[in-house]
Engineer: 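Sharing a structure here in structure tokens format.
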Amino acid sequence: MDINLNAAVSIQYEKSYVAFLDVLGFKNLVFSKKKTDKTKLDQYFGVVNSAIEYLSRIPSKKNIGSIIISDSVIFSVPHGQDIDDNLNRLRHLCVAVGIVQQYLGLKNIWLRGAISSGDTYFDSTKSQVVGPAYINSYLLEEYTAIWPRVVIDSKIIEELKFQSASQFIDEINQSENGGLHFSNWGSTILFNWRYPDGKPVTLIDQYVALFIDYLSPVVEENGRNLIKIIKNIESNLYKSTVTYKKFRWVVDYLRSICEREIMNDNVASSEAIFRLDNL
């Protein structure tokens, strides 16, 4: 077979939102000889594939494309016709990302990542992606996300004509309408840096303006999954000095959500509070 040296693919960019997600500790899972780690690797691909199939059946998520390459999950959705359409598309992309984060967290598999905006060429059938939005999301994941969280490129605030991060968060979370009302999610999708009484959150540092509040639905539900998440954190927190800070951040993030829910008269179980207080 001859190779056509004149062959070329026409790269057509379109404005899109791109999410780049990365599994923490994936290399260790791949090289590990432990059966439990092999099982976790199987679960990672199983949960992600199942989540993508589930999301594809939801009309509001039908425009979200996906690519899985080893430890990386990439989502992309084209911009809409106007600001309201873009807000809605970004909101549903964030929910899709949050669902994957949350369900992997329940399997003790932790993601970090970023969402950016801009020119993108995305072909899920060929697993090809290129463009400034993809590069920006990759770099934000590597250098800014740091902890098990997915951050949002702050330039999107100005792109969508908002004056501040707090205004943007309130709009995405539909705060004026009492929060989100999706059947598969909780009341918030972006973390709110203020409690219901207006006081600022101080348990975690505000080094990034925007990140997905992926454990909020678990705390709001206040059931077995909350205990499961806490047990998963317990199993990781003191395992390594190198990763201690990452899971300490998750503890403090989880505590801040519990504080918020207490103010909303949704007090976490005594077991959950006891376990968090003793971490």
Engineer: Enumerate donor-acceptor pairs with a distance under 3.5 Å from any side-chain N or O in residues 89-101 to protein atoms, sequence neighbours excluded.
Structural biologist:
residue, atom, partner, partner atom, Å
R89, NE, D85, OD1, 3.3
R89, NH1, P78, O, 3.0
R91, NE, I172, O, 2.8
R91, NH1, N88, OD1, 3.4
R91, NH2, E171, O, 3.0
H92, ND1, S60, OG, 3.3
H92, ND1, K61, NZ, 3.1
H92, NE2, N88, OD1, 3.4

Engineer: If only side-chain N and O atoms count, and only distance matters, is there a donor-acceptor pair under 3.5 Å linking N184 with Y54?
Structural biologist: yes

Engineer: With no hydrogens and no angle check, is any side-chain donor or acceptor of N278 less than 3.5 Å from a backbone partner on F274?
Structural biologist: yes

Engineer: Does N173 reach the main-chain N or O of G179 with its side chain, forming a donor-acceptor pair under 3.5 Å?
Structural biologist: no

Engineer: Please evaluate residues K27 and D71 with respect to the criterion salt bridge (Lys or Arg N to Asp or Glu O under 4.0 Å), reporting the C-alpha separation (whole Å), side-chain torsions for both, the decisive distance (0.1 Å), and the verdict.
Structural biologist: CA-CA 8 Å; K27 181 173 68 176; D71 60 338; over 6 Å; no

Engineer: Can you tell me if S50 uses its side chain to pair, donor with acceptor, with the backbone of V48 under 3.5 Å?
Structural biologist: no

Engineer: With a 3.5 Å distance limit and no angle check, can you tell me whether T39 reaches the backbone of K35 through a side-chain donor-acceptor pair?
Structural biologist: yes

Engineer: Report, as yes or no, whether the 6.0 Å neighbourhood of atom CZ on F211 holds more than 12 heavy atoms from other residues, nucleotides or ligands.
Structural biologist: yes

Engineer: Output yes when a side-chain donor or acceptor of Q167 lies under 3.5 Å from a complementary backbone atom of Q163, and no otherwise.
Structural biologist: yes

Engineer: Does the side chain of D123 pick up a donor-acceptor pair with the side chain of Q128 at under 3.5 Å?
Structural biologist: no

Engineer: For the residue pair E141 and S137, confirm or rule out a side-chain donor-acceptor distance under 3.5 Å.
Structural biologist: no

Engineer: Answer yes or no: are there more than 12 heavy-atom neighbours, outside Y13 itself, under 6.0 Å from its atom OH?
Structural biologist: yes

Engineer: Is there a donor in the side chain of S187 and an acceptor in the side chain of H181, or the other way round, less than 3.5 Å apart?
Structural biologist: no

Engineer: Strictly by modelled atom types, are N108 and N236 linked by a side-chain donor-acceptor pair under 3.5 Å?
Structural biologist: yes

Engineer: Is the ring pair F191/W193 parallel, tilted or perpendicular, if the boundaries are 30 and 60 degrees?
Structural biologist: perpendicular

Engineer: Pick from N232, V23, L104: which one makes a side chain to side chain contact (heavy atoms under 4.5 Å, CB included) with W110?
Structural biologist: N232

Engineer: F20, L140: one ILVMFWY side-chain cluster at the under-4.5 Å cut-off?
Structural biologist: no

Engineer: Any luck finding a side-chain donor-acceptor pair between Y253 and D213 under 3.5 Å?
Structural biologist: yes

